[in-house]
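Along the sequence shown, residues are numbered consecutively beginning with 1. In listed order, ligands and their atoms are each counted from 1. Every heavy atom of this structure was used, including side-chain atoms; hydrogens, water molecules and symmetry mates were not.
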Amino acid sequence: MKKNKKALIIANWKMNPATLAEAKSMYTKIRTQAGKMQNVQTVVCAPFIYLTELQKLTKGHRCVVGAQDVFYERSGAYTGEVSATMLQKMKMQYVIIGHSERRALGESDDLVSKKVLAALKEKINVVLCVGEEERDEAEYLHFLREQVKNSLANIPKARLNGIVIAYEPIWAVGEGKRPDTPEDTQETILFIRKVLAEIFDKKIAMSVPILYGGSVNSKNTQSFLIQSAADGLLIGRASLDAKQFGEILKIANSI
Ligand code: PGA
């Protein structure tokens, strides 16, 4: 992590919790912790149906609420979808796009890039997820280069200040998986910056925040933030445990 820069710590609650009451209680606990952390920007990405109510609980800017997906059209006959315009009207500041769990359901790079553009046009910060399925030395960098390039296809340079990239190797995400090593993550983050320099320019490559995600917990937070040079973390399971997530925020704040 760069000195004098706030760590970006994003909770990805996925399809949890089961009730609004639980969501409010979890969010309130996280908000209390996040409110004390001057050096951390906390974002809680919750299921769509909780966003309106959680947004009402937001106080100040240290713990904002975000969405986990968005559709690229503004309105119309798209059953079940939610537009960037709708999210913008709800004052959402962040949206996760292209998470591997959505890509596994059939989301292509092309669809992802349309969603990214739609969200950026509404001035919503995009957390673009990328990551390989297997760490196959010969293939994975090539795969990542294509994924980053294609997911950002058609995005004008001028809009890139709303982009955050989350590097989430699929083999490290979820129950029973092991995290990447901070050393390997560092190399991959550098590689992603190289790709950004190829597509855009060096300045952009250095300024886009790159997060790590995949089995992050309070025990490995410090090493990822210090050794891997990640600008922050995208956290699934450990973000559902307000106590552990609070510890993660404290560690990030102290770096
Ligand atoms: P995990 O999920 O922390 O449970 O591995 C991370 C993510 O999917 O964003």
Side-chain angles (χ1 to χ4, degrees), residues 7-18 22-23 26-27 30 33-34 40-48 50-51 63-70 92-107 112 115-116 119 125-135 140 144 147-148 151 163-182 184-185 188-189 192 209-225 228 230-252:
L8 181 57
I9 307 291
I10 305 183
N12 177 13
W13 282 357
K14 308 189 180 183
M15 201 169 68
N16 298 293
E22 284 173 88
M26 279 161 58
Y27 175 75
I30 291 175
Q33 288 299 323
V40 179
Q41 171 66 60
T42 305
V43 183
V44 174
C45 292
F48 283 132
Y50 301 147
L51 295 179
C63 187
V64 302
V65 177
Q68 299 174 11
D69 188 28
V70 67
M92 287 297 118
Q93 293 180 33
Y94 285 86
V95 59
I96 296 173
I97 298 181
H99 191 280
S100 57
E101 288 153 10
R102 295 208 56 82
R103 292 182 187 264
L105 295 172
E107 204 157 293
V112 168
K115 291 181 173 189
V116 170
N125 294 305
V126 169
V127 183
L128 169 66
C129 297
V130 297
E132 76 282 0
E133 205 153 335
E134 276 177 69
R135 178 63 64 75
Y140 96 97
L144 268 180
Q147 198 176 42
V148 171
S151 303
I163 285 274
V164 174
I165 293 184
Y167 170 57
E168 295 211 312
I170 297 174
W171 50 267
V173 171
E175 203 66 53
K177 305 285 180 65
R178 65 182 165 83
D180 195 4
T181 63
D184 285 354
T185 300
T188 311
I189 287 178
I192 294 173
I210 304 186
L211 317 182
Y212 169 75
S215 300
V216 172
N217 54 41
S218 54
K219 293 197 180 75
N220 59 28
T221 289
Q222 177 143 351
S223 54
F224 276 111
L225 290 178
S228 79
D231 297 300
L233 303 165
L234 179 55
I235 303 172
R237 281 156 298 157
S239 71
L240 296 170
D241 172 353
K243 194 161 166 266
Q244 182 172 184
F245 194 67
E247 280 163 27
I248 290 173
L249 295 180
K250 257 191 227 160
I251 295 165

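- Side-chain contact annotation: W171 with E132, donor-acceptor N/O pair under 3.5 Å present.
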- Give the intermediate values and the outcome of side chain to side chain contact (heavy atoms under 4.5 Å, CB included) for residues Y50 and M26. CA-CA 12 Å; Y50 301 147; M26 279 161 58; over 6 Å; no
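- Checked against side chain to side chain contact (heavy atoms under 4.5 Å, CB included), E247 has the following partners two or more places apart in sequence or in another chain: S218, K243.
- Residues passing the salt bridge (charged side-chain N to carboxylate O under 4.0 Å, His left out) test with R102, sequence neighbours excluded: D69, E107.
- If you check the side chains of T188 and Y212, you find no donor sitting under 3.5 Å from an acceptor.
- Considering only residues two or more places apart in sequence or on other chains, E22 meets the side-chain hydrogen bond (donor to acceptor under 3.5 Å, both in side chains) condition with T19.
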Return a table of N or O atom pairs, ligand 1 on one side and protein on the other, at distances under 3.5 Å, rounded to 0.1 Å.
residue: ligand 1; atom: 2 (O); partner: K14; partner atom: NZ; Å: 3.2
residue: ligand 1; atom: 3 (O); partner: G236; partner atom: N; Å: 2.9
residue: ligand 1; atom: 4 (O); partner: R237; partner atom: N; Å: 2.9
residue: ligand 1; atom: 4 (O); partner: R237; partner atom: NE; Å: 2.7
residue: ligand 1; atom: 4 (O); partner: R237; partner atom: NH2; Å: 3.4
residue: ligand 1; atom: 5 (O); partner: G174; partner atom: N; Å: 2.9
residue: ligand 1; atom: 5 (O); partner: S215; partner atom: N; Å: 2.8
residue: ligand 1; atom: 5 (O); partner: R237; partner atom: NH2; Å: 2.9
residue: ligand 1; atom: 8 (O); partner: K14; partner atom: NZ; Å: 2.7
residue: ligand 1; atom: 8 (O); partner: H99; partner atom: NE2; Å: 2.6
residue: ligand 1; atom: 9 (O); partner: N12; partner atom: ND2; Å: 3.4
residue: ligand 1; atom: 9 (O); partner: H99; partner atom: NE2; Å: 3.3
residue: ligand 1; atom: 9 (O); partner: E168; partner atom: OE1; Å: 3.2
residue: ligand 1; atom: 9 (O); partner: E168; partner atom: OE2; Å: 2.8

